Amino acid sequence: MNISILKKVFLPVVLAFVMAGCAQGNKSVFTETVDAIDEAAFVKTIDGKTTGLYTMVNSNGIGAKVTNFGARIVAICVPDAQGNPVDVALGHDNLDAYTTPRGETYFGAAIGRYGNRIGAATFELDSVVYNLPTNDGRNHLHGGPKGFFDVVWDVEQVSDSKIIFTYHSPDGEMGYPGNLEVSMVYELTDDNGFRIEYTATTDKATICNLTNHSYFNLSGEGAETINDHVLMIDADKTTPVDRRLIPTGELADVVGTPFDFTTPTVIGERLDSEHPQMLYGGGYDHNWVLNNSGIKVALAATAYSTVTGIQMDVLTDQPGVQFYGGNFIDGSTTGKRGIPYGYRSGFCLETQHFPDSPNKPQFPTTTLRPGETYKHVCEYRFSVKK
Ligand code: BGC
């Protein structure tokens, strides 16, 4: 038989069989890992609402677990370079561990109404001064002591791979004006992305800056460090901060500083630098100004583990990303494999507007008015480093 006919007819058929076999195999391997988490340990009544643990699986068998308490990502299981399942998201295997008062770490959580800090916990909008509760010294952090990470979201599982979380935040909640209607679509895409699509509307002028606070360790949750990961952030500038981690309002070039991740660089390489910004943050805890700032959903950052070969691309339409290197994780909390999470054993890439924007008119605005819709896409896409 002619070789080109062989290629055209037989090869696709053989490939289809092989791929179907893999998908079946993968499905059990990857979901098995996340299925080991006991769903019953997430069922509680909080603020009169029922919490639970939900399973997401995509067409390749990639598995994730999420809870409607704080709309938190609890686990994401992806293949390493050898095809073995690795849970790359830090989290707990029971709800009590998320609700027990301790220093709040925001593992996997939805953050709102305002991601990161608002300086002196106050802002002015349309000549009205709003005072917010403090929970970070004199500042307001991640929406306040009972932000979106700490509320029970309404949940609708629309397919195996898609869940919609909604929350009505009443006028005045945590000091913010306006009834805010928030929706977040969580989806495991066919190209192995964990995609979050946020929308929000208000009935009064307000501010809005949502994000997700997942910590990742691409060597597997519980692995000792993320300092050996290689990171690229597509940003030529950061928003420098003062000692209290409030942006000064300037934009600083990354060239020649430990903040230059424009080419892939090992995270730990410059952690000992005496650059004042590194001292303020206790390491990396800063907002990078994305080169593709707010234009369309584009690649913002890429990280990979030199141990597993797992790579995570972060895509977003937001103007900034907070790269937080886990400087405040201190071993006092234990992960799903029973291993305490130590110093810098997880990192966050929180896509967002810049911290303290309501007090920095030169930053892209975070004001949301009636009739407008806040929109934000963030995708964490997993693959194996080529
Ligand atoms: C902030 C850190 C903060 C951490 C809390 C990060 O988003 O940038 O400063 O300590 O959240 O876990």
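One-based numbering, in listed order, for ligands and for the atoms of each. Since we're looking at a predicted model, the values are computed, not measured.
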Specify the closest pair of heavy atoms between [X] and [Y], including all atoms of both residues, with the distance to one decimal.
| X | Y | result |
| --- | --- | --- |
| Thr351 | Val314 | CG2-CG1, 3.8 Å |
| Phe148 | Trp153 | O-NE1, 3.0 Å |
| Ile329 | Phe107 | CG2-CZ, 4.5 Å |

Out of all atoms in ligand 1, which are within 4.0 Å of some heavy atom of [X]? Include the element for each.
| X | result |
| --- | --- |
| Tyr106 | 5 (C), 12 (O) |
| Thr105 | 12 (O) |
| Glu350 | 6 (C), 7 (O) |
| Gln322 | 8 (O) |
| Asn116 | 1 (C), 7 (O), 8 (O) |

Within the 4.0 Å heavy-atom cut-off, what Asp136 brings close to ligand 1 is neither

At under 4.0 Å between heavy atoms, what of Tyr215 touches ligand 1? The answer is side chain

What is the ring orientation for [X] with [Y], classed by angle as parallel under 30°, tilted 30 to 60°, or perpendicular over 60°?
| X | Y | value |
| --- | --- | --- |
| Phe216 | Phe347 | tilted |
| Tyr374 | His376 | perpendicular |
| Tyr186 | Phe165 | perpendicular |

So, Lys65 and Glu39, do they make that salt bridge, N to O below 4.0 Å?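 Counted as a salt bridge, because a side-chain N and a carboxylate O are separated by less than 4.0 Å.
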
Out of Thr211, Asp285, Ile111, Leu245, the nearest non-hydrogen contact to atom 9 (O) of ligand 1 is supplied by Asp285

Starting from [atom], what is the nearest protein heavy atom, named by residue and atom, and what distance separates them?
| atom | value |
| --- | --- |
| atom 3 (C) of ligand 1 | Arg117 NH2, 3.9 Å |
| atom 10 (O) of ligand 1 | Phe328 CD1, 3.1 Å |
| atom 11 (O) of ligand 1 | His213 NE2, 2.8 Å |

With a 4.0 Å cut-off on heavy atoms, is Phe323 in contact with ligand 1?
no

